[in-house]
Protein chains: 2
Amino acid sequence: MATGHGARSRSGGRPTLEEVAARAGVGRGTVSRVINGSPRVSDATRAAVEAAVAELGYVPNTAARALAANRTDAIALVVPEPETRFFSEPYFSDMLKGVGAELSETEMQLLLIFAGNDRERRRLAQYLAAHRVDGVLLVSVHADDPLPDLLAQLEIPAVISGPRSAAETLTSVDSDNYGGGRSAAEHLLARGRGRIAHITGRLDVYGAQRRVDGYRDALRDAGHEVDERLIEAGDFTEEGGRRAMTELLARSPDLDAVFAGSDVMAAGARQVLREKGRRIPDDVALVGYDDSAIARHMDPPLTSVRQPIEEMGRRMIDLLLEEVADRRPAVSRGLERRQVVLATELVTRASS
Amino acid sequence: MATGHGARSRSGGRPTLEEVAARAGVGRGTVSRVINGSPRVSDATRAAVEAAVAELGYVPNTAARALAANRTDAIALVVPEPETRFFSEPYFSDMLKGVGAELSETEMQLLLIFAGNDRERRRLAQYLAAHRVDGVLLVSVHADDPLPDLLAQLEIPAVISGPRSAAETLTSVDSDNYGGGRSAAEHLLARGRGRIAHITGRLDVYGAQRRVDGYRDALRDAGHEVDERLIEAGDFTEEGGRRAMTELLARSPDLDAVFAGSDVMAAGARQVLREKGRRIPDDVALVGYDDSAIARHMDPPLTSVRQPIEEMGRRMIDLLLEEVADRRPAVSRGLERRQVVLATELVTRASS
DNA sequence: ATCACTTGTGGGAGCGCTCCCACAGTACCT
DNA sequence: AGGTACTGTGGGAGCGCTCCCACAAGTGAT
């Protein structure tokens, strides 16, 4: 059965719009309107078309639609990390869950694209240049990443999770890192701790900076001087947490609490505290960030700041679909920047 | 990457084949041939076209190509499981790694599709009916899954990892489960164990059956009678492993080795053995299957059968791309069934 | 010189859809 | 009565590509 041109017989291939139209005794345009849910069709006609569609088992040809309408009905979730991290961090799977849930309401197709190395990034650039998606979801983007600019230049709608800076131009969805940092510090203050150290995340990540800001303001507002020797930069890794904790204990042996910018770093800090004979929470109270599985399984269970990641995924899709519907990025329409910030929640456990 | 702004043709749209042809002073067909790597183009013409492509920043329109050529340049990796399992099991991420690596050599796009519940499955069926992918990779399919039949009916090329039975009609790639089971048993025999129990995986999974077969034959070939009371069915879960182990110990307290059909079940078995005061490996030697992270981190580290999952992913892509190139499933071409079986490897650790 | 190939090339004819204009029919105003 | 809306409908004109046929030019055998 050669799939040659012209050799297209009625019984052979998939039915087309034209065939459905003939069967229903209407025109091509009318069938198209029914398929696309236009209100400008009488009930009788609509019923006839739907019957024909069902009888023939008609399924629209996506390629033809994409070509004619100049849209793809697909959006990409771009992960600028190697796949390994994607699978190991619950952040991504939670995000994907929210995104998938929200998207399943629509006809949109989700593409998962990794851009962890140069080769993959070149591929991605090619991909975007070909406009193979209607919109892009960007997660976990570093401050100096050129991707957002490329997107803007190509006029592809995009939503970013975690703005790169206070001046982020893309529509963004984020959790309230400032409030999260603040609530962690306030919680420790309320527990009567006076020497609260902070192990920060990578400070080129905007959210990590904001957590520090929240921590500082909480202390200040409570009438405490912020002691810079109680702040040590980490890098979100367990090893970084160990290193920072060691540093902090050496510098300020009198600390009585630690707020770590991630659960993983808190795990590192915990090891060092144990080694040095500090009891948790008796001698040193410990608070983490992310409320990941680590927090629940730590000994003692770790108090941590929960981010509504799944919800973030959902909101990102909502915003992106709006922009896709408007057919261009919000900024180039001259609208105000759109930023959604979702509240965090402190989950109190035995470590504080 | 600098897309030539100045060179952009009028109306600001993306350049088309036609425009490239005009610029290069050739016909549309010639540009198409160059783009698609046809050998029937003179070197001079090819160079001229390539220059025009570069100057205009031409990128082919995928939708137009798909419509005209009746192909999508995309393949789907279908995971008939909820996303949760996908992320928690290293099997999938290893598979994805192999698949991704092999695919990055091509222009093919990989789609990750979950079909864990009825709703998702209906969506998938619709998706396949619309022929939105050129081929499908099926992983972890149960014996009674209707998906393979649907694929055959739609004449969509597909490759399955782990045949559903000895009579599998789809092209398949699998690891040598028989050999793996055999090597586990032989290893324990070589260690001088005589009462070797086996906790099987779910027996509706063909691979689990094959492991049992390998285990039986190894014992028989070594001159041992196979004692049916030493075989207990599990279900691949930790709880199942505990249950089976409890059963086995009650039935045959004299067992001196256990071969579990998965590392997770081995972990369950280990707990029970500990509770009952059996030392590993002194009293009871333990061997698992999968060589997952669990095996390396168990106390004592678990001897386990490693499957080359990444390699399986690569081979699946190879086979699938061949079938896609041949434009139809191998079976309907009347070719012999194609089955690739990759060797397993026993990784010996302290538990045996 | 003729014929039979081969190689390289141009361009017509679609692929199956959406968009949009034209227009008949109806309804409600002046 | 004519005018002005709207509603529902049909179908032409593409979207940007691939496929394939036609054909010019070159090559070698007869």
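Letters go in sequence order (proteins before strands), and every chain restarts at 1. Reckoned from all heavy atoms, side chains included, excluding hydrogens, waters and symmetry mates.
Distance, B/Asn36 CG to D/dC19 P: 7 Å, rounded to whole Å. Atoms CD1 (A/Ile35) and P (C/dG16) sit 15 Å apart, rounded to a whole Å. Computed from coordinates, the B/Leu17 CG to C/dG12 C1' distance equals 15 Å when rounded to whole Å. Taking atom CZ of residue B/Arg71 and atom C1' of nucleotide D/dT18, one finds them 8 Å apart after rounding to whole Å. Between the CG atom of A/Asn70 and the C1' atom of C/dC17 there is a distance of 13 Å, rounded to whole Å. To the nearest angstrom, P of D/dG16 lies 12 Å from NE2 of A/His131. Atom C1' of nucleotide D/dC15 and atom CZ of B/Arg28 are separated by 13 Å, given to the nearest angstrom. Taking atom CD of residue B/Glu18 and atom C1' of nucleotide D/dC15, one finds them 12 Å apart after rounding to whole Å.
B/Thr62 comes within contact range of no nucleotide atom at all, as no heavy-atom separation falls under 4.0 Å. Heavy atoms of B/Arg65 sit under 4.0 angstrom from primed sugar atoms or phosphate atoms, though from no base atom.
For A/Thr171 and A/Glu323, the side-chain atoms include at least one donor-acceptor pair closer than 3.5 Å.
Taking for each of B/Ala64 and B/Gly27 the nucleotide of DNA chain C with the nearest heavy atom, the 5'-most of the two is the partner of B/Gly27.
Between A/Phe86 and B/Phe87, the ring planes lie tilted relative to each other; the angle falls in the 30° to 60° range.
Note on A/Ser42: every side-chain N or O is 4.0 Å or more away from OP1 and OP2 of D/dT7. One finds a side-chain N or O of B/Thr30 lying less than 4.0 angstrom from the OP1 or OP2 phosphate oxygen of C/dG10. OP1 or OP2 of D/dT9 has at least one side-chain nitrogen or oxygen of A/Thr45 nearer than 4.0 Å. Between A/Asn61 and C/dC15, a side-chain N or O to OP1/OP2 separation shorter than 4.0 Å is absent. Residue B/Ser32 places at least one side-chain N or O closer than 4.0 Å to OP1 or OP2 of D/dT18.
Side-chain N/O atoms of A/Arg14 and base N/O atoms of C/dG16 include no donor-acceptor pair closer than 3.5 Å. No N or O donor and acceptor, one from the side chain of A/Arg40 and one from the base of D/dT9, sit under 3.5 Å apart. Judged by distance alone with a 3.5 Å cut-off, no donor-acceptor contact links the side chain of A/Arg46 to the base of D/dG8.
A salt bridge is defined here as a Lys NZ or Arg NE, NH1 or NH2 lying under 4.0 Å from an Asp or Glu carboxylate O, and B/Arg23 with B/Glu55 meets this definition. A salt bridge does not link B/Glu102 to B/Arg315: none of the charged side-chain nitrogens sits closer than 4.0 Å to a carboxylate oxygen. Between A/Arg123 and A/Glu120 there is no salt bridge, since none of the side-chain N atoms of the basic residue sits less than 4.0 Å from a carboxylate O of the acidic one.
When distances are taken from the side chain of A/Val26 to each of D/dG10, D/dG16, C/dG12, the shortest belongs to D/dG10. Closest approach to the B/Leu67 side chain among C/dG16, D/dC19, C/dG14 is made by C/dG16 (side chain taken as heavy atoms from C-beta onward).
The local environment of CG in B/Asn117 is crowded, with over 12 non-hydrogen atoms from other residues, nucleotides or ligands closer than 6.0 Å.
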